[in-house]
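Here the structure comes first, spelled out in structure tokens, and everything after it is commentary.
In each ligand, atom 1 is the first atom listed, and ligand 1 is the first ligand listed.
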Amino acid sequence: MVVSLLTREEALAKVLERTEVLPAEEVPIAKAAGRFVASDAYAGVDLPPFASSAMDGFALRADDTPGRLPVVGRVAAGVPARRALGPGEAMAIATGGVVPEGADAVVPIEYVVDHDNEVEIRDAVVRGANVRPRGGDIRAGDVVVAAGTSLAPAHVGALAAVGLDQVACARRPRVAVLSTGTELRRPGEPLGSGEVYEANGAMLAAALATANADIVELAAVSDDDDAHRVSLERALGADVVVTSGGVSVGPHDLVRRIARELGVQEVFWGVAVRPGKPVSFGVRDGTLVFGLPGNPVSSLVGCELFVRPALRALQGAAEPGPVYEPGRLAAAARRNPHRDELLRAHMTVRDGEVVLVPITGQESHMIARAASANALVLAPRGDGELPAGARVGYLRLG
Ligand code: AMP
Ligand code: MG
């Protein structure tokens with residue numbers, strides 16, 4: 001049977017075309033790390049909210065230096081001075097303290113001679129020295145975090161610093177994960193003749209949890225029409241369905257047929273990648289349906305190439321990815337003339353450069369070998385080989 005394969009790029013474009021951003025919800029900032037901001041978040045205050053001291057020292061007027069000035073007050077963080085600073089005066093001030101009205105510079109404590117009620121400044125001080133101007137970081141009303149940003153710890157810190165206790169984020173996509181195969185046995189149970197442990201469900205759930213998936217894990221189904229029908233129908237209540245196994249051409253590969261019977265419109269089947277060629281993709285109403293091949297490494301690769309970017313796009317990511325980072329191949333690798341190959345590799349940094357060492361054991365059933373990899377190297381389809389030292393793109397795993 002001849003099947004025309006889409007390229008990896010075409011297939012991804014078809015997935016992203018059919019992905020609509022999920023509605024937003026307010027998320028407390030303490031729970032927002034890793035989530036995608038749905039609309040621009042604005043600063044509620046100037047930051048700093050007042051002119052503040054960058055150092056422990058003395059607030060004064062630059063024009064009064066050098067000189068010997070009486071210390072007329074003490075300013076602690078959170079405790080402003082009761083009055084303005086007059087000409088020829090100094091006030092002791094702590095880091096973060098409000099620079100008093102009338103002062104225009106702070107001299108660090110290390111640079112003065114402290115005579116209890118008087119302070120001696122031997123060098124001239126520049127106006128503005130060690131004063132953090134009000135709004136110098138951001139102004140009230142400015143965008144502090146833009147829509148589509150994935151919230152890193154610094155974003156969370158910035159949101160808090162401008163007074164926001166919650167932020168609008170796309171809601172987490174509900175993702176149903178369904179493994180298929182009569183031979184599958186739950187880990188922890190004894191293995192019967194011809195059986196293998198069910199690995200994909202837990203693996204895919206783990207991978208997609210890092211893309212904010214709210215996982216609906218279903219019990220694995222045997223290769224039986226009715227079992228497929230019941231579980232797939234349940235799964236189709238989610239935003240995204242990810243099945244594994246049963247998408248090849250064998251008589252026991254039922255996923256695509258049953259999905260079609262349940263109203264899923266198939267968008268494609270077959271992508272020019274290795275591993276993962278028989279991956280299928282369809283939609284029913286708003287639900288995205290990915291059929292990943294059963295071999296665990298194929299499932300993982302399909303998940304990284306298509307499902308993760310879809311989840312990110314569903315959350316309005318500015319960059320759904322996948323983002324291939326640059327590195328160098330440590331050893332030569334053969335290329336496949338027709339299919340992009342995703343090699344499992346170990347990524348290290350040598351002399352400041354990312355070096356990717358393909359692991360031994362590149363077959364698609366070898367999940368235990370793949371577990372020693374932390375990168376997927378893209379060996380683009382083409383003739384010949386990629387020589388050792390070739391520049392390549394890679395995806396981080398885990
Ligand atoms: P399939 O894509 O259904 O033809 O399965 C291909 C291979 O992957 C077969 O050797 C299956 O036993 C194996 N396989 C399928 N699903 C899983 C799974 N969930 N966990 C581990 N191996 C699987
Ligand atoms: Mg199967």
Side-chain angles (χ1 to χ4, degrees), residues 1 3 5 11 175-209 213 215-232 234-235 238 240-261 264 266 268-282 289-308 339 341-342 344 361-373 376 397-398:
M1 179 159 143
V3 182
L5 301 179
V175 181
V177 177
L178 176 62
S179 303
T180 74
T182 302
E183 74 281 24
L184 302 179
R185 197 28 100 221
R186 282 163 66 104
E189 294 178 356
L191 207 54
S193 160
E195 294 178 339
V196 296
Y197 284 120
E198 202 283 280
N200 295 344
M203 175 181 69
L204 295 170
L208 296 175
I215 300 287
V216 184
E217 212 171 329
L218 301 166
V221 289
S222 57
D223 296 318
D224 165 89
D225 278 24
D226 284 339
H228 272 57
R229 212 170 274 126
V230 169
S231 282
L232 266 175
R234 250 196 84 193
V240 179
V241 177
V242 183
T243 65
S244 74
V247 286
S248 298
V249 289
H252 304 291
D253 292 326
L254 311 176
V255 170
R256 297 172 57 225
R257 177 166 58 77
I258 304 293
R260 271 199 304 269
E261 286 174 19
V264 175
E266 189 163 271
F268 64 75
W269 175 54
V271 180
V273 293
R274 201 169 95 146
K277 178 179 83 166
V279 58
S280 72
F281 172 67
V289 184
F290 294 90
L292 303 179
N295 276 305
V297 180
S298 311
S299 252
L300 185 64
V301 168
C303 175
E304 293 303 323
L305 294 187
F306 304 112
V307 187
R308 182 185 298 280
R339 294 202 253 154
E341 201 151 348
L342 281 301
R344 276 69 74 208
Q362 292 281 337
E363 287 172 62
S364 62
H365 64 287
M366 293 183 164
I367 188 60
R369 303 289 186 104
S372 70
L376 288 177
L397 283 178

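Counting non-hydrogen atoms of other residues, nucleotides and ligands closer than 6.0 Å to CZ of R234 gives a total of 12 or fewer.
Residues passing the side chain to side chain donor-acceptor pair (under 3.5 Å) test with E363: none are found, sequence neighbours excluded. For E341, the salt bridge (Lys or Arg N to Asp or Glu O under 4.0 Å) criterion is met by R274, not counting sequence neighbours.
When only interatomic distances are considered, the shortest N/O to N/O separation between P296 and ligand 1 does not fall below 3.5 Å.
For atom 17 (C) of ligand 1, the nearest non-hydrogen atom of the protein is N200 ND2, 3.3 Å. Among protein heavy atoms, the minimum distance from atom 6 (C) of ligand 1 is reached at N295 N, 3.7 Å. Here the protein heavy atom with the shortest distance to atom 4 (O) of ligand 1 is D253 OD1, 4.0 Å. Here the protein heavy atom with the shortest distance to atom 20 (N) of ligand 1 is A199 N, 2.9 Å.
Heavy-atom proximity to atom 16 (N) of ligand 1, evaluated over G294, G246, G181, S248, is greatest for G294. By heavy-atom distance, the residue among M203, E183, E198, H365 lying nearest atom 9 (C) of ligand 1 is E183.
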R256 vs W269, side-chain contact (heavy atoms from CB on, under 4.5 Å): CA-CA, chis, key distance, verdict: CA-CA 9 Å; R256 297 172 57 225; W269 175 54; 3.2 Å; yes
From CA spacing to verdict: side-chain contact (heavy atoms from CB on, under 4.5 Å), V247, D253: CA-CA 5 Å; V247 286; D253 292 326; over 6 Å; no
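Neither the backbone nor the side chain of V247 comes within contact range of ligand 1; no heavy atom lies under 4.0 Å.
The atoms of ligand 1 that sit less than 4.0 Å from any heavy atom of Y197 are 20 (N), 21 (C).
With E195 contributing its side chain and Y197 its backbone, the two residues share no donor-acceptor pair below 3.5 Å. Panel note: side chain R339, backbone V273; a donor-acceptor pair is recorded below 3.5 Å.
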